[in-house]
Amino acid sequence: MPVDYHFSFGPWNIHEGADPFGPTVRPTVTFAKKLKAYKQLGFDGVQFHDDDAVPQVDSKTAAQVRKEAKAVRKMLAGEGLVAEFVAPRLWEDPRGIDGGYTANDPKARRWAIDRSKRAADIARELGCDLMVLWLAREGTYIRESKPAINAHRWLLEAINAILKHDPKIRIAIEPKPNEPMDHAYIPTIGHALALASRACDPKRVGGLIETAHAILAGLDPSDEMAFALSAGKLWSVHLNDQNGLKFDQDKTFGSANLRRAFDQVWVLEQGGYPQTGAFVGLDVKAMRTQKAESATLHLANSRRVFLALLDKARSFDMDLWRQCIGDRDYETLDLAILEHLMGV
Ligand code: 3MF
Ligand code: MG
């Protein structure tokens, strides 16, 4: 079976296990050590927050930022890795407490745009042309707290400012309906692509779809992917899993609902995703109970589940599929899929 998919994850996916109710349970793994793990786990691409590549990015001169990013590119090359994208991490800085691009304070909005331009500079030095915008705090705890109509216009202004700053950069919006906010302004890929179509250079704005985020929006992740694929706008994915409407779980791909995972692999296959050159990103978290020495299994296992489901997608009897479609006999198709997945 040809394995033509390339896999990526972010350094945050190897983590110390803190959650909102308890402290860290595993020692910090250095960035250099994390990079060493990539190839061993079967991954080629590294996803970055701006400050994963250049710590304290705000306090450094533009020249210093570029120099440090260059050094990181060398480290990547030394490990045979490439950078997939850079995401400005606006949600941890005190200036981003009320959101970045949609903060009520104009000074905060300016900071968010300036920092995003720096993230674009980092991407360029790392040799990638993709920026991901996870719009974490671009939303509200109570609706009356922000002027929502203006907020949508501010989002567009920020996107345009980034596009104008770097004529090569492409922006992939990662929608999520809630968490950390009660309501996010860009909850689905439909919202993201509507915004993209109004940008000053629409062909440079697309999307990244995360499984868990689609489920939290009450939607099917494979349908969200299909929508983006139909427009040539699926530029990355964050595959993981989510057990219903609760906190964002980032479970191992396929762990909660194997058939829903199969459908995502199936749609990526049908949409020619690997031919676009985009990575299959896995935004998964290890269980807090996991011991340090086996706290990367969630990454290897997610990739393994993906490849096993790819095998299932590629080996499904398409003559039977055509026959069921022709006969409008979806009961037979349903059972055939279930039996194929169960291996009976
Ligand atoms: C959100 C993301 C990341 C987060 C990461 C760590 C690009 O789903 O994908 O942003 O920062 O998950 O919390
Ligand atoms: Mg994600």
Side-chain angles (χ1 to χ4, degrees), residues 7-20 24 28-29 31 34 43 45-55 57 83-93 96 99-101 112 115-116 118-120 122-123 126 128 130-139 158-159 162 169-181 184-189 192 206-217 219 221 224-225 228 234-242 246-253 264 278-286 288 295 298-299 302 306:
F7 297 89
S8 62
F9 67 87
W12 63 86
N13 295 112
I14 300 176
H15 58 100
E16 296 88 348
D19 70 15
T24 61
T28 299
V29 179
F31 180 63
K34 287 181 184 179
F43 289 77
V46 183
Q47 309 184 334
F48 284 92
H49 295 123
D50 49 1
D51 55 1
D52 291 323
V54 181
V57 57
E84 183 196 359
F85 68 66
V86 176
R89 180 148 45 190
L90 305 178
W91 54 93
E92 287 188 2
D93 192 281
Y101 312 128
R115 175 144 172 182
S116 305
R118 282 193 163 204
I122 293 172
L126 290 179
C128 69
L130 188 62
M131 173 181 292
V132 165
L133 296 184
W134 175 46
L135 302 167
R137 296 191 195 278
E138 314 302 349
I159 286 168
I162 299 164
I169 199 85
R170 294 178 301 134
I171 296 175
I173 300 172
E174 180 181 357
K176 183 177 182 185
N178 61 282
E179 199 197 33
M181 309 312 290
Y185 285 131
I186 305 294
T188 71
I189 195 67
L208 176 158
I209 291 173
E210 172 160 328
T211 312
H213 298 181
I215 296 164
L216 287 169
L219 299 168
E224 288 286 272
M225 288 172 191
L234 189 61
W235 295 348
S236 188
V237 290
H238 269 171
L239 301 186
N240 54 26
D241 214 350
Q242 172 73 27
K246 49 183 93 178
F247 64 95
D248 186 3
Q249 296 182 295
D250 296 339
K251 289 166 85 77
T252 289
F253 183 53
Q264 291 166 71
F279 278 91
V280 172
L282 292 156
D283 197 3
V284 285
K285 286 209 171 65
R288 191 166 186 266
H298 60 303
L299 290 157
S302 291
F306 182 93

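For ligands, and for the atoms within them, numbers begin at 1 and follow the listed sequence.
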Ligand 1 contacted by H213 (non-hydrogen, < 4.0 Å): yes
Considering distance alone, does some N or O of H238 sit under 3.5 Å from an N or O of ligand 1? yes
Full working for side chain to side chain contact (heavy atoms under 4.5 Å, CB included) between I215 and D241: CA-CA 9 Å; I215 296 164; D241 214 350; 4.0 Å; yes
To the nearest 10 degrees, calculate the angle at the Mg ion (ligand 2) involving OE1 of E210 and OE2 of E174. 90°
Just checking: D250, one of its N/O/S atoms, less than 2.8 Å away from the Mg ion (ligand 2), yes or no? no
Ring center gap for W134 and H49 short of 6.0 angstrom: no
So the atoms of ligand 1 within less than 4.0 Å of a heavy atom of D283 turn out to be 1 (C), 2 (C), 8 (O), 9 (O), 12 (O)
Going by a strict under-4.0 Å cutoff (protein heavy atoms only), does atom 13 (O) of ligand 1 have a neighbour on the protein? no
Closest non-hydrogen protein atom to atom 6 (C) of ligand 1, residue and atom name please, with distance? W12 CD1, 3.4 Å
So how far is it from F85 CZ to W235 CH2, rounded to the nearest 0.5 Å? 14.0 Å
Ligand 1 to H49, heavy atom cutoff 4.0 Å, flagged ligand atoms 3 (C), 4 (C), 7 (C), 10 (O), 11 (O)
Looking at H238, pick out the N, O or S atom nearest to the Mg ion (ligand 2) and give its name. ND1
Decide, counting backbone as well as side-chain atoms, whether H213 has an N, O or S atom less than 2.8 Å from the Mg ion (ligand 2). no
State the atom name: nearest N, O or S atom of D283 to the Mg ion (ligand 2). OD2
Is ligand 1 under 4.0 Å from a heavy atom in the side chain of E174, in the backbone, in both, or in neither? side chain
Is there a polar contact, in the sense of an N or O pair closer than 3.5 Å, between W134 and ligand 1? no
